Amino acid sequence: MGRKKKKVAESPEEPLNTVQSMEPITSHLSPSNKETIMVTLHGATHLPTCKDGSEPWPYVVVKTTSEDTKNQNAKAVTSVTSEPTTAPIWGDTVKVELQAEDAGREDVILKVVDNKKKEELLSYQIPIKYLRVFHPYHFELVKAAQSGKAEEATAKTHLYATVVRKGSFFPRYIGSNHTALEVFLRGVNEPLVNNCDPMVVIARVVPNYNDFKVNQIKQDAASVGLPITRLSFPNPSVMRFDVPRGSQNGCPQLSKPGGPPELPSWNQSFLFQGRDGATNFSEDTALVLEYYSSTSMKGGEPWTLSKPLGVSVLPLKSRLYRKMLAGKGLSGLRVERLPITDTKLKTINGEAPTVDISFQLLSSENPENFLTPNNSQVLPILDPKILDEKLGTIRESWSKATVSSTMESSTSTAQEAEEEPQSPKMPHEMELNNYRRAMQKMAEDILSLRKQTSMLEAENRMLRSQLTQEEGEEEQDNSNAQKLDEVSMKQKLVLSELDMKKLRDKVQYLQNELIRKNDREKELLLLHQAQQPQATLLKRYQDKLQKMKALEETVRHQEKVIERMERVLEDKLRDWREPLLNRPQGKPPMAFPVLPASGLPLGTAGEPLPADLYSALLAENSRLRAELEKNRHQPAPIILQQQALPVGVPAPEVPEPRSISKAAAGTPALCKPKDKTLELQKRGGQGAQESSSVHPGTCRRISLPALRTSSAFWPS
């Protein structure tokens with residue numbers, strides 16, 4: 001089903017313990033300093049099925065929210081149905097007690113539970129603070145429709161219950177001399193012949209019976225049957241709990257089913273408050289009892305009562321009020337045979353049935369005596385012929401047989417005199433009797449007032465003592481609270497001081513860090529400014545280094561060229577020497593060229609070279625040797641490495657090295673490595689002119705054809 005079910009520990013009561021008891025409720029008040037929630041579970045329709053889809057064996061558990069939170073076993077549990085069903089009928093009344101000071105924050109929880117699997121089918125939570133004290137609420141509890149199969153199943157369920165919140169005293173309202181009217185319904189006097197089911201009774205006190213009859217003819221929902229208040233959960237409206245004062249239809253109360261069907265008996269007490277006008281006796285006020293068959297509560301549709309089986313009406317007129325106060329002891333009367341009118345019910349004698357009722361006025365806020373089957377029999381009996389078809393005047397008639405033996409003889413004599421036919425009396429005797437009655441009534445009023453005064457004084461003393469005790473406790477609580485506040489304030493102050501100290505230290509640390517960062521920034525700026533000339537110098541050195549690298553590469557290339565030229569020269573010399581060895585013997589061998597006496601080398605024809613040409617060759621050869629030696633022994637350039645700059649400071653731009661000119665790098669110059677000097681001879685002045693045109697500091701350019709055309713070489 002997809003519905004999450006809770007396990008419940010409470011078990012249902014045995015049917016024998018929940019059957020209608022013959023003993024009535026002996027008190028309508030809760031214990032001192034407590035409140036009682038009376039819940040009567042009538043029935044339900046469309047209960048959800050169990051988790052496995054089977055029909056439940058339902059019963060109801062009633063508890064408060066505190067009991068539910070503490071997982072306490074509830075004592076307010078109804079009986080379980082005799083068979084599995086989704087439309088149970090219970091008719092059980094349970095009660096829950098709680099402390100009066102907790103009523104404002106407690107809720108009453110109604111849980112419907114399956115007896116077999118102990119699964120919670122659904123629950124309702126009613127706030128107790130919304131319930132008016134002593135007012136009977138007739139609720140229809142429903143769940144609001146929500147999405148989901150489980151929620152839709154619970155939304156179809158209707159639970160019908162009557163809830164009454166009882167206090168430890170009756171409230172007294174302004175304009176009412178009495179606090180409540182109690183009505184005790186005993187039962188039907190004669191056996192019935194045409195009744196098949198137990199009967200329930202709806203009792204109400206209406207301020208105007210004629211208007212009430214008109215509303216019933218108009219089928220007004222508030223005057224027909226039992227008015228139901230619909231509560232939608234989980235958030236019931238507060239307005240649903242509002243009770244108007246002085247309703248024209250009264251405050252109906254429902255009895256338990258009375259049985260057996262042939263002679264129904266209830267022995268139930270109804271309480272009507274002075275707030276609802278029940279104690280305001282007038283010419284139109286009446287007590288109305290409506291009788292319904294208990295099978296009217298069964299059915300699948302909304303739980304309502306059908307047409308009543310009969311109605312009993314007792315007019316509450318001012319003369320009846322005076323008669324109630326004229327008796328001794330309880331201020332009440334008894335009607336042994338109040339007829340049931342507008343009915344088809346018949347007794348074994350073929351007459352309309354009658355019921356036995358008693359009623360009394362309650363003047364105290366905390367009365368000691370309520371009506372019971374025993375004390376209601378000693379009340380003065382009112383003649384049943386007080387009613388006519390139009391609710392005429394009350395014709396009082398007292399019966400001697402039911403008068404209590406404890407009543408004084410004067411009262412009995414007066415009642416006997418009222419029963420006899422009225423005979424002419426002397427004016428003096430009538431005046432004397434009236435005077436005696438007035439004096440007796442005055443004495444009773446004085447005694448009643450004295451009793452009320454003593455009770456009020458006792459209550460006043462008790463309230464003063466409670467007030468004094470509460471004031472002392474309040475002062476002690478205030479002092480304790482003040483001490484606790486002081487301690488907590490001191491602790492907060494100490495904690496705040498510690499926090500302030502931590503914040504002050506943190507601020508100081510951050511200030512020091514800021515100063516250090518500023519100093520570091522200044523140092524970095526100064527370092528950057530100092531590195532600018534160094535960057536310029538570094539750039540110049542880098543340019544020189546690039547030039548040196550180019551020159552070194554050129555020199556290495558020229559060395560390779562010179563080595564090749566040396567090999568070529570060696571080959572030339574070898575070729576020159578071989579013809580001499582192979583010369584014919586007739587010719588004299590040609591000697592190795594030697595220097596003449598003048599010291600100048602000879603040319604190709606044997607003549608000595610010019611002196612200026614020879615000196616130019618020697619000078620050029622010396623210069624080349626010096627240049628090579630200088631380059632060889634010159635130390636490598638010192639390269640200054642630039643220091644790393646901080647983040648955010650741009651590095652100085654280093655320009656790219658310039659490319660070596662084609663004239664300097666492309667054409668190799670002829671140099672003499674390894675301490676050797678190559679002396680070149682050329683005829684004419686062209687060689688001298690070319691040698692003189694070479695820039696100092698560079699190697700001389702020598703073309704390969706010129707070397708090939710040379711005729712003589714002299715090693716140094």
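If you're wondering where the values come from, they're calculated on a predicted model, not measured in any experiment.
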Pairs satisfying salt bridge (charged side-chain N to carboxylate O under 4.0 Å, His left out), at least one member in residues 195-207, at least two apart
Arg204-Glu290
To the nearest 0.5 Å, what is the distance between [atom1] ([X]) and [atom2] ([Y])?
| X | Y | atom1 | atom2 | result |
| --- | --- | --- | --- | --- |
| Tyr291 | Asp342 | OH | CG | 12.0 Å |
| Gln268 | Gln253 | CD | CD | 8.5 Å |
| Leu121 | Leu47 | CG | CG | 6.5 Å |
| His178 | Leu361 | NE2 | CG | 5.0 Å |
| Phe270 | Leu181 | CZ | CG | 12.0 Å |
| Gln72 | Ser66 | CD | OG | 6.5 Å |

Between [X] and [Y] (side chain of the first, backbone of the second, donor and acceptor by atom type, cut-off under 3.5 Å), is there such a pair?
| X | Y | result |
| --- | --- | --- |
| Asn208 | Asp211 | yes |
| Thr354 | Pro339 | no |
| Thr279 | Ala180 | no |
| Ser294 | Pro198 | yes |
| Thr78 | Val60 | yes |
| Asn195 | Leu192 | no |
| Ser30 | Gly167 | yes |
| Arg132 | Val164 | no |
| Thr81 | Pro84 | no |
| Thr343 | Leu309 | yes |

Derivation of the side chain to side chain contact (heavy atoms under 4.5 Å, CB included) call for Leu316 and Val205
CA-CA 9 Å; Leu316 302 178; Val205 176; 4.0 Å; yes
Quick check: are there more than 12 heavy atoms from other residues, nucleotides or ligands sitting under 6.0 Å from [atom1] of [X]?
| X | atom1 | value |
| --- | --- | --- |
| Met239 | CE | no |
| Glu101 | CD | yes |
| Phe169 | CZ | no |

Phe139-His158 aromatic ring centre distance below 6.0 Å
no
Before we go on, tell me: are the rings of Tyr130 and Tyr137 under 6.0 Å apart, centre to centre?
no
Quick check: do [X] and [Y] have side-chain heavy atoms less than 4.5 Å from each other?
| X | Y | result |
| --- | --- | --- |
| Val113 | Trp57 | no |
| Asn267 | Ser265 | yes |
| Tyr124 | Pro234 | no |
| Val206 | Asp284 | no |
| Ser312 | Val355 | yes |
| Thr162 | His42 | yes |
| Ile217 | Val214 | no |
| Phe359 | Met324 | yes |

Please assess Ile109 against Val62 for the test side chain to side chain contact (heavy atoms under 4.5 Å, CB included), listing each intermediate value before the final yes or no.
CA-CA 6 Å; Ile109 303 175; Val62 182; over 6 Å; no
Does this structure show an ion pair linking [X] with [Y], if we count only N-O contacts that are shorter than 4.0 Å?
| X | Y | answer |
| --- | --- | --- |
| Lys111 | Asp68 | yes |
| Glu190 | Arg337 | yes |
| Asp356 | Arg334 | yes |
| Arg165 | Glu35 | yes |

Under 3.5 Å, is there a donor on one side chain and an acceptor on the other for [X] and [Y]?
| X | Y | answer |
| --- | --- | --- |
| Arg186 | Ser358 | no |
| Asp107 | Thr65 | no |
| Thr40 | Thr93 | yes |
| Glu55 | Thr85 | no |
| His46 | Thr86 | no |
| Thr229 | His138 | no |

If every non-hydrogen atom of [X] is compared with every non-hydrogen atom of [Y], which pair is closest and at what distance?
| X | Y | answer |
| --- | --- | --- |
| Pro252 | Leu226 | CB-CD1, 4.1 Å |
| Thr157 | Pro48 | OG1-CD, 3.3 Å |
| Thr179 | Ser364 | OG1-O, 3.1 Å |
| Tyr59 | Val80 | CB-CA, 4.0 Å |
| Ser79 | Asp92 | OG-OD2, 2.7 Å |
| Ala103 | Ile128 | O-CB, 3.8 Å |

Just say parallel, tilted or perpendicular for the rings of Tyr321 and Phe281, cut-offs at 30° and 60°.
tilted
The test is side chain to side chain contact (heavy atoms under 4.5 Å, CB included); show your working for Leu379 and Leu333 and say whether it passes.
CA-CA 5 Å; Leu379 292 175; Leu333 294 173; 5.8 Å; no
How would you list, by chain and number, every residue that makes a ring-ring contact (aromatic ring centres under 6.0 Å, His included) with Phe170, sequence neighbours excluded?
Phe134
Test side chain to side chain contact (heavy atoms under 4.5 Å, CB included) applied to Gln216 and Val311, step by step
CA-CA 12 Å; Gln216 281 191 332; Val311 180; 5.9 Å; no
